[in-house]
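See structure below.
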Amino acid sequence: MKIAVLDDNADDLHALCTMIDTVCAEQTPRPMIRAFTDERRFLAHMSSARADIVFLDIYLKERTGIRTAQILRSFNTSCAIIFVTSSREHAVEAFDVTASHYLIKPVTEEGVREALARTPFFKKDRPTIALTIDYTEQRIPIEQIRYVDANGRRCSFHLADGTTLAPYMTMARARELLEPLPVFLSCHRSLLINMDYIRQLTSDGVLLMDGTLLPIATRRTSEVGQEYRTYMLRKMRAGFTP
């Protein structure tokens, strides 16, 4: 596992990296940590090294960490982003780029531990769903499912790595398993979307982080908008860790 940290304040950067290293000492194998004070070098590193988790300070010299995250998301939609800042001012924008967490300075070791625990890479009990593919059962982490849609009498699971699985499962059964989970949004009877992969809701449908545009049933437009806003507000509130 690789972790990249960007903060243009050298003292804050050193303190944060020390806390991350302390928390990561419990992990096997131990993650690699790269520290950056320059956002250009950080983005160049991310374009080639593809870190799994990034810590971004929101207040940088040339642009905000939010803008840096937007650039990062243009070529990396899978890394977990954790923002670090002295203000809650940019909280809503932070979750527009699918941030995993939002730490308020002064950062504590417990705060770092909580932030890392919210990423897919540090979750110990990752919920899964059993899918039967070619007569073989596979357990797929729920967090890896971007969306599920109907494919005739069966359904297709579209995953974060770009693969699509077509198990021996009806859409009705997929709904039974996934709809009770707060992260899934029903846009119409043949489509379930993991809201953690949504970039925004548009007049044309649901736009995902990778540019995929999915439809919303006309009669559910208002309800879908309300459910998504409620989910993001709950997620944003949960992200405030002192």
Does CZ in Arg139 sit with more than 12 non-hydrogen atoms of other residues, nucleotides or ligands closer than 6.0 Å? yes
Would a 4.5 Å heavy-atom cut-off, applied to side chains only, mark Ile33 and Val5 as touching? yes
Which pairs pass ring-ring contact (aromatic ring centres under 6.0 Å, His included) with one or both residues in residues 187-216, sequence neighbours excluded? none
Out of curiosity, does Ile133 fall in the hydrophobic cluster containing Leu178 (side-chain heavy atoms, cut-off under 4.5 Å, transitive links)? yes
Do Val206 and Leu208 have side chains that get closer than 4.5 Å, going by heavy atoms? yes
Is the Tyr168-Tyr135 ring centre distance short of 6.0 angstrom? yes
If you count heavy atoms of other groups shown closer than 6.0 angstrom to CZ of Arg41, is the number above 12? no
Between His101 and Phe83 (judged by ring centroids, cut-off 6.0 Å), do the two rings come close enough to count as a pair? no
Tell me whether Leu207 shares a hydrophobic cluster with Leu192, the cluster being built from Ile, Leu, Val, Met, Phe, Trp, Tyr side chains joined at under 4.5 Å. no
Are any side-chain N or O atoms of Arg154 and backbone N or O atoms of Pro167, one a donor and one an acceptor, separated by less than 3.5 Å? yes
Check whether Val148 and Leu159 end up in the same hydrophobic cluster, where Ile, Leu, Val, Met, Phe, Trp and Tyr are linked by side-chain heavy atoms less than 4.5 Å apart. yes
Could you check if a side-chain atom of Asp7 sits within less than 4.5 angstrom of a side-chain atom of Phe55, using non-hydrogen atoms only? no
Does a donor on one side chain sit under 3.5 Å from an acceptor on the other, for Thr230 and Gln226? yes
